[in-house]
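Notes for the one structure printed next.
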Amino acid sequence: MSFSGLAYVLFTVLLAIISGGIIVYYYNPKRKKQIEEPKHRMLDDDL
Amino acid sequence: MGITSKPVVFAVLSAVVILIGTTVTVFIPLFMPSTQPVSAYVKPYTSVELEGRDIYMREGCNNCHTQTVRPLRTEVLRYGEYSKGEEFAYDRPFLWGSRRIGPDLNRVGGKYPDSWHYRHLQSPQGMFEKSNMPPYGWMAKNKLDTQYSYKKTSILGYGYTESDVQQQIVQCRSKVTAESYPAKESRDQVTPPELRNDLTEMDAIIAYLQKLGRDVKNLETKK
Amino acid sequence: MSEAEVEKYDFQIVRGFAFSALFWLVIGLVVGLWIAFEMFNPALNLTPWLSFGRLRVVHTNGLGLGFGLAAIFATSYYILQRLTRTPLAFPRLARAHLYLFNTTIALGALSLFAGMNTTKEYAELEWPLDIAVVIFWVMFAVNVFATLIKRREKQMYISLWYIIAMTVAIAILYIVNNLEIPVTLFKSYTVYAGANDANVEWWYGHNVVGFIFTVPILAMFYYFLPKSTGLPIYSHRLSIISFWALNFAYLWTGAHHLMLSPLPEWIQTVAIAFSIFLIAPSWGSVINGYYTLQGNWEQMRSNYLVKFFILGITFYGLQTLQGPLQGLRTLNSFFHFTDWVIGHVHMGTMGWVTMIISASFYYMIPRINNCEIYSIKLANTHFWLILVGQLVWTITMWIAGIQQGAMLKATNPDGSLMYNFLDTLTSLYPYYRLRFAAGVIYFAGIVLFTWNLIMTVRKAPLQADAQPTTL
Ligand code: HEM
């Protein structure tokens, strides 16, 4: 494979890994309650 | 607890994320030779052509006309040789445009005689009844302002001296005001008598239109 | 919150920007109708100031910078105070922001009429006005960050992320693309040349779409949809993923406006790849919107605001499918430079952007005035007029674009071109007439919108300041 071809592939893989990491972090059931909290709190921001 | 409770960190992180793509696709290419090719055939605009270009910008001709021919068969058939990067080395700003209400103009230089342009700019509808191009006859009633011509070319780094610029202006004026100017009749028709011995805005924009793509034509004939 | 803690939110500034937005909206649309007419009947090019080339820029800047930015400032100042549960940090600075903003837009319109035009799309203003834009942007940013730092609510809700991203991104984009060397007070030259200038301009141009017509509109969507339905947004974590993906990917895609141009090919190819990727984060928001209404779809009928939001996000979803397709080389070689793209643009602006801003204003303005909307019936009529107007408008332009693309490419059996340029143009005039008519319908809807909000505040003048934070 050419150098540039390889560079494209590696870059794509890198991005996939980073986004995978972010998804796994935020979709961890352990954090669900805490992460989802603001969406309930915003509903009564005018109280 | 997470970055969503740290606004400043959040802003900095956003900036970093935004700057990655920017750096790779815009900042780095700014310094690469492939985005700024040059060619000995492509010459900077003369100061009168540059004044014409500024009028083109002022009138927003770029809202209807593009200046970039794509490497597609029908496009080359319609307009001529496709556009190359080096042609635009002196274009600040670029005027490629994004929309073709009118035809592409990147190869219009030399396509018609000056007389055609005087008549066309004066009244596109006079020439093509159904054209929607605005008439620009009033350009012939405005004397060309060359007060800043030298300053402009020096900002753009065209390398002209002040007397070069004066000479270009005088040369163009004597060309269009000469008795022997082939477009004399149509020029006189649109130019009010008191300006016939001066350069008008219309003279300048025509000089500019006639320059478009000329260098490439020279290059092609040389080949 | 106890009585003692109740402080005054600054809602006057919200109203100031909201009505500035409406003013520039009406002006921008009148200019739009004028140029739409000029396209099939050049008789309206009455003076240099009214010629198409100059007017079109007044239209795009009046609506993008005037209407768009003012609406963004209005809603941002509102959302910011609500979500942080904190009054605006510097109300007087915000007032100065309002005055400077309107002065800049007014001078901007006049200078464009007069032909002071840098020709860089959506960055046409000359350098003194660029400086004014940067100054009012900094004023805005100072208030945003100061209020965020003082905030009482620990975690920032989605809308605040989008407001932050916009504030940061537009600052970078605007300054980099507008670097120019002055010749006189009214004329300058950009520092970039040729292909580089094109690349910088469309990196800017595309991301103005991203960070003015997408990001802050999403901030409104994510805030006002839950507020007006009483339903929490479907998924906060989905929005986190789409937020970062969108911010990352948008900046790579500018060159899809420069397909098959002399710009180096790899930049174009990278732009295509990221354009396709953008479908994912864009549809993250679309899905989040639809799922929020899960089980409560009857609100489409019972709650007059919901249909604005749902149609708006639907047009956003269509845009973000159409856009990546347009970016593909084969399709782009057909559609680029044609009216198809104009259809794409206006489904975004007349559909998505205006729908969301309309509903946000209908929610917000009565609340800051402590009153009811003047007429829900009028709001419903407004909805149908702008919906029908926009659909007829965009579909007409898509068809026109297909016809134009096909005619420009048509060849005879011997390989010569079948149509000369003028024939391809004049065959579009019937579409241009229809587009003008659709524009009139849309404009009528906007007039009702403006009227409705004016009557709303006339019924309940100036209660904003006296009003505590409760409603
Ligand atoms: C995933 C999202 C999107 C992608 C990938 C995309 C892609 C594109 C492409 C490829 C073009 C240029 C077409 C051409 O000139 O041949 C374009 C033009 C445009 N798009 Fe989009 N689009 C997206 C979403 C949007 C949205 C949401 C809006 C507005 C709210 C919008 C507004 C515009 C505007 C204003 C232009 C015209 C630029 C000009 O030439 O003046 N786009 N888009």
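Chain letters run A, B, ... following the sequence lines, proteins first, then strands; residues in each count from 1. These numbers come from the heavy atoms of this one structure, side chains and all, not from hydrogens, waters or symmetry mates.
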Item checked: Proximal component of C:L428, with respect to chain B [non-hydrogen, under 4.5 Å] -> neither

Check: With only heavy atoms counted, which part of C:H257 is less than 4.5 Å from chain B, the side chain, the backbone, both or neither?
Finding: neither

Margin query: Can a donor-acceptor pair be found, under 3.5 Å and without considering hydrogens, that links the side chain of B:R92 to the backbone of C:E180?
Written below: no

Next item on the list: Identify which of C:V144, C:I181, C:V270, C:I240 forms the greatest number of heavy-atom pairs closer than 4.5 Å to chain B.
Entry: C:I181

Check: Are C:E201 and B:P93 close enough that some pair of their side-chain heavy atoms sits under 4.5 Å apart?
Finding: no

Next item on the list: Return the option, out of C:A165, C:S51, C:G53, with the maximum number of heavy-atom pairs under 4.5 Å with chain B.
Entry: C:G53

Next item on the list: Calculate, to the nearest 0.5 Å, the distance between atoms CG and OG1 belonging to B:L156 and C:T190 respectively.
Entry: 10.0 Å

Next item on the list: Sort C:F211 into side chain, backbone, both or neither according to what part of it lies under 4.5 angstrom from a heavy atom of chain B.
Entry: side chain

Margin query: Measuring from atom OH of C:Y189 to atom OG1 of B:T153, what distance do you get when rounded to the nearest 0.5 angstrom?
Written below: 8.5 Å

Checklist line | Top contributor to chain C interface from B:S14, B:S83, B:S98, B:P124 [non-hydrogen pairs under 4.5 Å] | finding: B:S98

Item checked: Validation row: B:E59, C:R54 side chains within 4.5 angstrom (heavy atoms) -> yes

Margin query: Please classify the contact between B:T22 and chain C as side chain, backbone, both or neither, with a heavy-atom cut-off of under 4.5 Å.
Written below: both

Notebook entry, point to check: Can you check whether C:P182 reaches B:K151 side chain to side chain, under 4.5 Å on heavy atoms?
Noted result: no

Checklist line | B:Y56 side chain near C:T119 side chain, heavy-atom distance below 4.5 Å | finding: no

Checklist line | Spatial distance of atom CD (C:E265) from atom OG (B:S34) [nearest 0.5 Å] | finding: 11.5 Å

Notebook entry, point to check: What do you reckon, is NZ of B:K111 surrounded by more than 12 foreign heavy atoms closer than 6.0 Å?
Noted result: no

Notebook entry, point to check: Is chain B contacted by the side chain of C:F145, its backbone, both, or neither, given a heavy-atom distance below 4.5 Å?
Noted result: side chain

Next item on the list: Check each atom of C:Q404 against the heavy atoms of chain B and say whether the ones under 4.5 Å are side chain, backbone, both or neither.
Entry: side chain

Next item on the list: Determine the option with the most heavy-atom pairs under 4.5 angstrom with chain B, choosing from C:L160, C:L55, C:N199, C:V200.
Entry: C:N199

Next item on the list: Measure B:L95 against the heavy atoms of chain C and call it side chain, backbone, both or neither at under 4.5 Å.
Entry: side chain

Next item on the list: Name the member of C:W266, C:Y432, C:W202, C:F274 that forms the most heavy-atom pairs with chain B at distances under 4.5 Å.
Entry: C:W266

Note to self: One pair to check against side-chain contact (heavy atoms from CB on, under 4.5 Å): B:I101 and C:F52. What are the steps and the verdict?
What the structure shows: CA-CA 11 Å; B:I101 298 171; C:F52 183 90; 3.8 Å; yes

Next item on the list: Can you tell which part of B:E87 gets under 4.5 Å to a heavy atom of chain C, answering side chain, backbone, both or neither?
Entry: neither

Margin query: Could you measure the distance from the CZ atom of B:R100 to the OG1 atom of C:T424? Nearest 0.5 Å is fine.
Written below: 10.5 Å

Notebook entry, point to check: Is it the side chain or the backbone of B:I18 that comes within 4.5 Å of chain C heavy atoms, both, or neither?
Noted result: both

Check: Under a 4.5 Å heavy-atom cut-off, does chain C meet the side chain of B:A89, its backbone, both or neither?
Finding: backbone

Checklist line | Interchain contact, C:E121 with chain B, by part (heavy-atom threshold 4.5 Å) | finding: side chain

Checklist line | pair B:M57-C:K187: side-chain heavy atoms closer than 4.5 Å | finding: yes

Item checked: Pick from B:L77, B:L72, B:D54, B:T66 with the largest number of heavy-atom pairs that fall under 4.5 Å of chain C -> B:D54

Notebook entry, point to check: For C:T47, is it the side chain, the backbone, both or neither that has a heavy atom under 4.5 Å from a heavy atom of chain B?
Noted result: neither

Next item on the list: Identify which part of C:L260 has an atom lying under 4.5 Å from any heavy atom of chain B, answering side chain, backbone, both or neither.
Entry: both

Item checked: Leading residue by heavy atom contact count with chain B [cutoff under 4.5 Å; candidates C:V191, C:V57, C:I149] -> C:V191

Note to self: Under 4.5 Å from any heavy atom of chain B, what part of C:Y429 do you find: side chain, backbone, both or neither?
What the structure shows: side chain

Checklist line | Among B:P7, B:A15, B:G85, residue most engaged with chain C (heavy-atom pairs, under 4.5 Å) | finding: B:P7

Next item on the list: Output the option from C:T118, C:L408, C:V168, C:D339 having the highest count of non-hydrogen pairs under 4.5 Å with chain B.
Entry: C:L408

Checklist line | Atom group of C:L173 that falls short of 4.5 Å from chain B, counting heavy atoms | finding: neither

Notebook entry, point to check: Is the closest side-chain heavy-atom distance between B:W96 and C:L258 below 4.5 Å?
Noted result: yes

Item checked: Contacting moiety of C:L148, where chain B heavy atoms sit under 4.5 Å -> both

Margin query: Can a side-chain donor-acceptor contact be found between B:T4 and C:W161 if the only test is distance below 3.5 angstrom?
Written below: no

Next item on the list: Check whether any side-chain heavy atom of C:T411 sits under 4.5 Å from a side-chain heavy atom of B:R73, and report yes or no.
Entry: yes

Next item on the list: Considering only heavy atoms and a distance below 4.5 Å, find which of B:M139, B:K152, B:R78, B:Q125 pairs most often with chain C.
Entry: B:R78

Would you list the atom pairs, donor with acceptor, under 3.5 Å between side chains in residues 126-138 of chain B and any protein atom, with sequence neighbours excluded?
from, atom 1, to, atom 2, distance (Å)
B:S131, OG, B:M133, N, 3.2
B:N132, ND2, C:M39, O, 3.0

Notebook entry, point to check: Under a 4.5 Å cut-off applied to non-hydrogen side-chain atoms, are B:T74 and C:L417 in contact?
Noted result: yes

Next item on the list: To the nearest 0.5 angstrom, please state how far the OG atom of C:S261 sits from the NZ atom of B:K84.
Entry: 13.0 Å

Notebook entry, point to check: Is it the backbone or the side chain of B:I55 that comes under 4.5 Å from a heavy atom of chain C, or both, or neither?
Noted result: neither

Check: Given that the side chain runs from C-beta out, which part of C:V176 has a heavy atom under 4.5 Å from chain B: side chain, backbone, both or neither?
Finding: side chain

Notebook entry, point to check: Given the rule in the side-chain contact (heavy atoms from CB on, under 4.5 Å) test, do C:N196 and B:Q36 qualify, once you have shown the distances and angles that lead to the verdict?
Noted result: CA-CA 7 Å; C:N196 264 331; B:Q36 41 204 343; 3.7 Å; yes

Check: Distance from B:I28 atom CD1 to C:I267 atom CD1, nearest 0.5 Å?
Finding: 10.5 Å

Notebook entry, point to check: What part of C:N207 is in contact with chain B, defined as an atom under 4.5 angstrom from a non-hydrogen atom: side chain, backbone, both or neither?
Noted result: neither

Next item on the list: Answer with side chain, backbone, both or neither: which region of B:Y82 has an atom nearer than 4.5 Å to a non-hydrogen atom of chain C?
Entry: neither

Checklist line | Heavy-atom proximity to chain C below 4.5 Å, by part of B:V12 | finding: neither

Checklist line | Contacting moiety of C:Y157, where chain B heavy atoms sit under 4.5 Å | finding: neither

Checklist line | ring pair (Phe, Tyr, Trp, His ring centres under 6.0 Å) against C:F248, all qualifying residues, sequence neighbours excluded | finding: C:W252

Item checked: Segment of B:Y79 engaging chain C (4.5 angstrom heavy-atom cut-off) -> side chain

Check: With C:P262, which of B:V69, B:T68, B:T35 fulfils side-chain contact (heavy atoms from CB on, under 4.5 Å)?
Finding: B:T68

Checklist line | Per-residue contact mode, B:M32 against chain C (heavy atom under 4.5 angstrom) | finding: side chain

